[in-house]
Every structure is written in C-alpha cells, then in structure tokens.
Amino acid sequence: TAESAEDIDVKNYATYVMLQPNEKRISMFVDNWQNTDPAFRKRLSKVLAENDYFEVENLKKSKIPIALVYGNEEASVKPLY
C-alpha cells in the first residue's frame, strides 16, 4: 500500500515514471517519499483510486488563478491538455 511501501517498491516506481532516471533523482524521490506523512500517502491514494479525478478539469472549475511549472523532461506531465 502507499502507506507501507518498501523502499525498493518506491525506487522501482520512481524508475518507471521518470523520463531519464538516474541514481540522484531516484534517491531524491525515495527520500521525499520517506519524509511524507504515511497517513497522507494513504489518504491521497484512496481518494485517487476511488474517484474520477481529473486535475485539469478541477482546476478550471475552481476559478483559482494558478501557474503550472514543470521540467521539459517531466514524464508524468502532459502539457497539451
């Protein structure tokens, strides 16, 4: 589960989602994961799994001014919505 994932599972996931994984990036991902409250990880995973969650549509409907910043090589971002 998100709450109790082993470091190797997190490392494998990081390697999978990164466009150009390297040890430094993967290590930073795992460190950030470890430093995130396990209860938050569990709740966020549950919300995302149980709902039709569409980030872009939710942001548009919110009418909140936002700025999206991401790297050119970010594998999980699709900028051409």
Side-chain angles (χ1 to χ4, degrees):
T1 66
E3 187 177 20
S4 62
E6 298 292 327
D7 286 352
I8 189 66
D9 295 326
V10 177
K11 184 176 180 178
N12 289 340
Y13 177 76
T15 303
Y16 174 74
V17 298
M18 289 182 188
L19 178 63
Q20 296 177 342
N22 63 41
E23 286 304 314
K24 182 179 177 183
R25 290 177 181 167
I26 293 168
S27 178
M28 185 168 51
F29 188 99
V30 172
D31 289 345
N32 288 333
W33 178 267
Q34 292 169 336
N35 291 323
T36 302
D37 182 345
F40 174 79
R41 293 192 306 251
K42 181 178 181 181
R43 177 70 181 138
L44 180 61
S45 297
K46 184 177 183 198
V47 168
L48 294 175
E50 292 178 353
N51 295 289
D52 290 331
Y53 186 77
F54 300 100
E55 301 96 343
V56 174
E57 286 304 313
N58 288 335
L59 290 170
K60 285 179 182 177
K61 290 177 186 176
S62 74
K63 307 283 186 196
I64 298 171
I66 61 166
L68 300 176
V69 180
Y70 54 90
N72 281 339
E73 297 177 0
E74 179 65 55
S76 63
V77 174
K78 294 178 178 45
L80 302 176
Y81 280 112

Mind checking whether F29 and Y13 have side chains closer than 4.5 Å, heavy atoms only? yes
Smallest separation among heavy atoms of M18 and P21, with atom names: O-CD, 3.5 Å
Evaluate the side-chain proximity of K11 to E23: yes if any heavy-atom separation is below 4.5 Å, no if none is. yes
Please name all residues satisfying side-chain contact (heavy atoms from CB on, under 4.5 Å) with N12, sequence neighbours left out, ordered by chain then number. I8
Sorted by chain and residue number, the side-chain hydrogen bond (donor to acceptor under 3.5 Å, both in side chains) partners of D7 (sequence neighbours excluded) come out as Q34
Output all residues satisfying side-chain contact (heavy atoms from CB on, under 4.5 Å) with Q20, sequence neighbours left out; order by chain, then residue number. R25, E73
Those residues that, when tested against S27, pass side-chain contact (heavy atoms from CB on, under 4.5 Å) (two or more places apart): D31
